[in-house]
Amino acid sequence: MMTLEDLGYNNILEKFRIENNLNSFEIGRIIAEHKERYIVKTTQGEFEAEITGNMRFTAKSREDFPAVGDWVALTTYESDFAIIHKILPRFSIIKRQAVGQFGEIQIIATNIDYAFLVQAVDRDFNINRLERYLTICNSSKVSPIIVLSKIDLINEHRISEILENIKVRIKNVPIIAISNESQDGYDMINTTIEKGKTYCMLGSSGVGKSTLLNNLSGKTIMQTDTISHSTNKGRHVTSHRELIILENGGILVDNPGMREVGIVDSTSGLEITFDMIVILSQNCKFKDCTHTNEIGCSVLEAVEKGEIDKASYENYLKMEREKAHFESTVLEKRRKDKEFGKIVKNYKKDMNKNKY
Ligand SMILES: Nc1nc2c(ncn2[C@@H]2O[C@H](COP(=O)(O)OP(=O)(O)OP(=O)(O)O)[C@@H](O)[C@H]2O)c(=O)[nH]1
Ligand SMILES: [Mg+2]
Ligand SMILES: [Zn+2]
């Protein structure tokens, strides 16, 4: 029998459940989502679920809808159907800028403890992108673990070269090098994964996230690219998120590969990822230094002296600009929404006046 603890449930959630008188509901975790329909796992099994009309009606943004990883209070019915009444508080949310919709956010997963940042050591390898994922983790309260995949494709010399290059720019983040072919590095992954903790796989398409998940679970849960080659049905990339429980008790969320990783309100995220720059900037001559052309800028000095990696510094500036742009877009949107609200209100007032 599966307990809620097996799904990652903890004392804080239980306290919330009691304090909010949710006794009449069951508790479950969202393991998959397809266009506002959810699969929820409880101690009784898996249920297809929808949210209440009231929840939909009062939702102000994407964050008011359930996402994979969420804990929810629900009423279950026979025939595997359920209604979700409430989302329990999230301890972490991984989000990014929605592709093609500036100012909109997309939730990748919630209640995640650790994120595996998967990058293949072949063409996909890119430290700028790693720093981007790190920033997302740091602003999401999720601990990052770098996973370098496909090491069977390169020699040992190249592997140590890559590790060196990462360490110049990224400190204090564990790195695990693996091959899904030879299963080198799987021991490390297996000892890293803790019972009852939730791990999320982030990375580009084709880096081997689903292959890793399938191998760790010992079952073909997620379709991978390989299968499709034999059936000639085109590429079988992952199209949805899914949460699974491993035999060793770890909980894993697979994700579709991401082409763009847009930064959203990552103030603390950027500060944690580029902590060296933040520390140095306290010595800049001007309080509002942009670290681009000012006299007496400690950051620029450090870059010139080679104390800060130049590429890392440029990546930082790029993400800072992106963050600022995102924030101004959100503000602009809010202003427009407010204005529209006023127009509607005045219109209603006029309508009422005319009634009498
Ligand atoms: N040589 C080699 N090939 C791998 C490795 N891991 C995965 N592959 C292959 O890479 C392809 C893509 O693997 P997937 O696991 O589907 O990749 P994914 O990250 O889940 O991709 P999306 O679902 O699109 O995000 C498949 O053909 C795998 O067989 C590895 O470690 N070495
Ligand atoms: Mg996949
Ligand atoms: Zn400066």
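Note that the structure is predicted; figures quoted are calculated from it, not measured. Order of listing sets the numbers, starting from 1, for every ligand and every atom in it.
Of the residues listed (I87, L7, T110, I30), the one engaging W71 in a side chain to side chain contact (heavy atoms under 4.5 Å, CB included) is L7, and it is the only one. The residue from L163, I170, I176 that alone fulfils the side chain to side chain contact (heavy atoms under 4.5 Å, CB included) condition with I146 is I170.
An N or O contact shorter than 3.5 Å links G206 to ligand 1 by distance. Checked against a 3.5 angstrom limit, the closest N/O atoms of K209 and ligand 1 fall inside it. The shortest N or O to N or O distance between G208 and ligand 1 is below 3.5 Å. Where the criterion is an N or O separation shorter than 3.5 Å, residue side chain and backbone included, S205 meets it with respect to ligand 1.
Of all non-hydrogen atoms in G28 and T42, the two that sit nearest each other are CA-CG2, 3.9 Å. Scanning both residues, G208 and N180, for their nearest heavy atoms gives O-ND2, 3.2 Å.
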Between D6 and K195, is the salt bridge (Lys or Arg N to Asp or Glu O under 4.0 Å) condition met? List the steps. CA-CA 8 Å; D6 291 334; K195 182 174 167 24; 3.5 Å; yes

Carefully, step by step, assess S179 and D184 under the rule side-chain hydrogen bond (donor to acceptor under 3.5 Å, both in side chains). CA-CA 5 Å; S179 163; D184 272 342; 6.0 Å; no

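Every pair tested for side chain to side chain donor-acceptor pair (under 3.5 Å) that includes a residue from residues 276-288 fails, sequence neighbours excluded, so the list is empty.
A salt bridge links R129 with D124: the distance from a Lys NZ or Arg NE/NH1/NH2 to an Asp or Glu carboxylate oxygen falls below 4.0 Å.
A side-chain donor-acceptor contact under 3.5 Å links T273 and N138.
In the vicinity of L153, heavy-atom distances shorter than 4.0 Å reach the ligand 1 atoms 1 (N). If you number the atoms of ligand 1 from 1 as listed, the ones under 4.0 Å from a heavy atom of D152 come out as 1 (N), 2 (C), 30 (C), 31 (O), 32 (N). Ligand-side atoms of ligand 1 in range of G257: 22 (P), 25 (O), range being under 4.0 angstrom from any heavy atom. Residue P256 has at least one heavy-atom neighbour below 4.0 Å for each of these atoms of ligand 1: 25 (O). Below 4.0 Å from some heavy atom of S179 lie the following atoms of ligand 1, by number and element: 31 (O).
Around the Zn ion (ligand 3), the protein N, O or S atoms found under 2.8 Å comprise C284 SG, C289 SG, H291 ND1, C297 SG.
Classification of the Y316-H291 ring pair by plane angle, with boundaries at 30° and 60°, yields tilted. Between F25 and H85, the ring-plane angle classifies as tilted under the 30° and 60° cut-offs.
Neither the backbone nor the side chain of A120 has a heavy atom within less than 4.0 Å of ligand 1.
At least one N/O/S atom of S210, whether from backbone or side chain, sits less than 2.8 Å from the Mg ion (ligand 2).
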